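First the structure, in the form of structure tokens, and then the observations on it.
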Amino acid sequence: MPGYLIRRLGQAVLVVAGVIVLTFAVMRLVPGDPAVAYAGPKATAAELAEARRRFGLDDPLPVQLWNYVRDLLGGDWGTSLHTRQPVRDDLFQAFPASLELVGAALIIALVAGIPLGIAAARYKGRLPDLSVRLSSMLAVSVPVFWLALALQTVFASGLGWFPVAGEYDASLDRTSPLHLYTNITAVDALITGNWPILTSTLSHLVLPALVIAAYPAGVVAQMTRAALIEESSRDHARLERALGFGETAVLTRFALRPALNPVLSLIALVFAYSIVNGFLVEAVFNWPGLGRYAADSIRSLDTPAIAGVTLLVAVLYVVANLAVDLLQGVVDPRVRAR
Amino acid sequence: MTTPALPALRRTPLRRLAGVDRLAVAGAVLLAVVVLAALLAPWIAPYPEDGGSATHPLEALLPPSGAHWFGTDQVGRDVLSRVLFGARTSLLIAVAVLAVSGVAGVVLGVVAGYAGGWARDVIMRVTDVFLAFPALLLSLALAVVLQPSVTTVIVAIAVTWWPWYARLTASVAASVATRGFVDSARCLGVPAPLIVLRHVLPNSLTPVLVQLSLDGGGVILTAAALSYLGLGAHEPTPEWGLMVQQGQTLFTTDWWVVTFPGLAILVTAFAFNVLGEGLRARLAR
Amino acid sequence: MTLLSVRDLAVRIGDRVIASVPELDVCAGECVAIVGESGSGKTTTLLATLGLTQGADVSGRITVGDVDVLTASPARLREIRGSRAALVMQSPQAALNPTMRLGTLMRRALARHGVKGADARERAEEAVRAVLLDPEILRRHPHQVSGGQAQRFAIALALALGAQVVLADEPTSALDVTVQAEVVAVLRRLRDERGLAVLLVSHDLALVSTIADRVVVMRDGTVVESGPAAEVFARPRDPYTRELIAAVPELPEAGPALPEVGPALPEAGEDL
Amino acid sequence: MTLLAAEKVTLAYGTTAVVHDVSLTVDEGGVGLIGESGSGKTTLARALLGLVRPRSGVVRYGSRDLAGLGRTGRAEFRRAVQPVFQDGSEALDPRMTAGASITEALTTHHRMSRAERRDRVDALLADVGLDPALAARRPHEMSGGQRQRVAVARALAVEPRLLVLDEPTSALDVTVQARILDLLERLAAEHGLGYLLITHNLGVVGRLCRTSSVLFAGRVVESGPTRELLTRPAHPYTRALRDAVPRLGGEPPRPTGRTEAAPATSGCPFRVPCPLAVDRCRDEAPLAREVEGRGVACHRAEEVLGHVSREDRDAPRQ
């Protein structure tokens, strides 16, 4: 396993380096003179020249790239134009909220998707199978932003079952302030036993998380069903039936574990897709995550911020891929042996 | 007297084998309806001019009625007509993106899969970089650079989708390259490019075609999302994502302005998915 | 004492009969072999005895011990699978769950039939030793054992569960010939010493002739000839049987017996 | 005249060597290469076919090093040496009809008119005992035997001088196997073809090959006239291989208890399961040497040839 792991780490570093270069290139494509962005629209020629010198905008591109990388590694991700804060701090503030939202959505997707996939495989060709397949196809077809609006209108502003927007009831900041550890509200509330904020956050989470969970839940259900059907047609399933195990036991206690392999490899892909969906949902539910921060940065052409968000999401994807690889090794010894 | 396993088969409302074909057929029919609607839009749309830039302020926000089955939008345009014309945009984007990213992905994937060695590593790492790069953000950046428009959406999505097909094709081509008939061709002295074209490519296409039909829905959703964020089509082009974005504040008061374009996206994406599922099950057998 | 009996078995898929066996009995301590080429229905017949022909229309009467397989309830059927009659399959590694240690599989199978804790551990080790395997193998995964070891483990599974009938579907055709002898020897010894009934399906007539007491020859789903092995191989009545026998590649006879050789040879090299 | 030869060839996948220092010559007659799974016989075959480059040692076509052949030399080699793989469905492109597969072979080296092509395809199909109407069928629409015959016809299309047959019949039923062996024997005679027959089946080699080599763990442990090899084996592995094959109505083969040990890395690779192993076998890897007209890599070959009988060999075991 270590040899394989080192190679995978090497590849991951290469990919992140590639993303950094690509981000740098794309940011340079954005129209408008960066100097103007730093020195302000009314700056004089002298101030522009000064800004250009200070930010090294006259250096040859490779040098600028190297400076950019050096700053990145040093933790200096540049200053956001529209918040005037260091991008790193903005990200540190916004990212946990997105992680909380997407994380909750993925948990819902797994908790719902896998059992549905098992049920569909168990009753293959019969009603449960058909209904799970159709509903999961619907789930992956629904436009996220439209679903968000629909749920918000019906269950929040309409029936009032859930709060319309925001991460938790702001008034609670006074009555039972939250002590921050991980900067993820729900987790910190849980750790510090701050029940009011916890319940408020959870009720705020329901609608947006359900919207984001639709796509991954559909994909996980489809993939679990397909992998289980394929695995339970293999020789070892026949032997397990011949040992006296019923179909349900063969599916859940024998076929599920090897079948998880393809499902896991899908999760990294779905994770990336969900972060992007998260941006849309955050806009509708005014969730203080990366999405909102990215949307504001785009409207104001805030290149450092856009670059920051891009790099963070890319690194997240690479990390998710590595985590999935490790998890697959745990689930399937054959992978460990590779 | 039959074994317990058999009765279950007879009770199935949907015979397992036929079910699979019925799914592919249903998907194809649904998709055909959407395509027809798009092609015939100018003739079947009740108010063809509303598909363009015409506005009727006096008839703004009328609820669904005999005259306007889907009601009218903020500037009085018939929502049904715009949904029909919107189908053209969405299908154009879907087909264009799938064609461009599909071809690019398959070509790079086959080369990587068959060549192996450093060629495969280089291609695969480049693919990984584009895979890691968040599709939406690359699209945003491109949209900003190229000014929002339908072509921007096509380029932006194609640039971020080809890696999926490159990776899928590479893995399939790599396994095909180990098959006996490829060795036989090499032993015959058939030149490598010919082996790739004649043997490796045809045997690697099936899984990619299935994935392409499955992804049709995904492309439409992403395109709609881009328009929703104001980076895709812009006024007065009829595009479903844009229509939902413009009508989002009216969800509670004039629900039809938002709901019908949303449903149009759902139905089309669903049609692609059903067709893809049907093809996957039939070809996997 | 007949442990497995088949009467007027007919297995249909749609309207095609893929296997029909008028009469077949396997007694304790006896090996009955079904020989034939691919598509002869020999494997279908074997699987039908455990009700494992999913989706096929099976008629006739099959009794394992005192249980009529075709009329037994699914629950009753599951009870006798493994504990009365056990399956040994063609490709050893593929027949074992890839993510599970061999010991875990055996423990779960034993628990399924009500044997737990110390009793289960004891039966597992005893069964594994009975097939000449080191109990340490129970800690390994299927991809960490060889084909011959995996096949002998499958036989050990049957022993641990107390099966009186072993249904062996081409148990050695995926193994090298030098390893085949090991697996066949284990089956032969268990038949002789423990009175195991073995229903062996194979296309290898030479192999069958070295272990089978009775032989059933099948072709395109029907039985063309059956009888005591020695008789069928010496005086085959059916032309197809004759063709099968003629097709076995001739092998030059072993060399003449040679005189005594020097002292007993020291054990060299490390063991398994 | 030697058509194809391996000279001290070593082959490896990544760092693990699969074939070690193997020398083998294939001339007009039928040459056998006997080996079980994992012996490296298929990898060696791929090296002889020029599909795999040896890590060390040389594969010679005629007298020329295969790796050094120019364009014309390589084209000539590609026409002269053709493979027939184990499973017809593996050797034929599933999407191409039998006629198309054969036509590809015909047209790779020289242009032909459509009519000429059709005649040649029909002739080739007839030559391998198939009805020309089969040309329109795809591999999955044919039986195993038919697919294998199409694969042979495809190999014959370039009028080769040598066939490399990798387990040509082991995926087939016994009766079909017999008929394919008859076909190969007839074609070899009629077309003056040499062939290298690679298999684990001693019966098949006994019938079709004048001389044979036995491969164990990537090394040639014994080589010589096939009949001699099988009746009076000089290497303990050859003997174990021969004794393990059940004979119709014969004595059940005796298990040797340790046949599945991994090949030893030091000294003789067969020493762990070898009934004759002594300390020398552990300390010194036996080199191939001449013993009674046989090349054999065993320190005690003479004893295997002369003095070891079946009963005695197992005496120390009990």
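Each chain gets a letter, A, B and so on, in the order the sequences are listed, and its residues count up from 1. Here the structure is a predicted model, which is why all the values come from computation and not from measurement. Values below: all heavy atoms of this structure, side chains included; hydrogens, waters and symmetry mates excluded.
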Contact check, side chains of D:Val174 and C:His203, non-hydrogen atoms, under 4.5 Å: yes
Nearest heavy-atom neighbours spanning D:Pro246 and C:Ala206: O-CB, 3.3 Å
Minimum heavy-atom distance D:Arg247-C:Ser209, with the two atoms named: O-OG, 3.5 Å
Gap separating the CG atom of C:Asp204 from the CG atom of D:Leu248, nearest 0.5 angstrom: 9.5 Å
Exceeds 12 heavy-atom contacts within 6.0 angstrom, atom CZ of C:Arg139: no
Largest heavy-atom contact set with chain D, pairs under 4.5 Å, which of C:Thr210, C:Val208, C:Asp176: C:Asp176
For chain C, the option from D:Val176, D:Thr175, D:Leu241 that forms the most heavy-atom pairs under 4.5 Å: D:Thr175
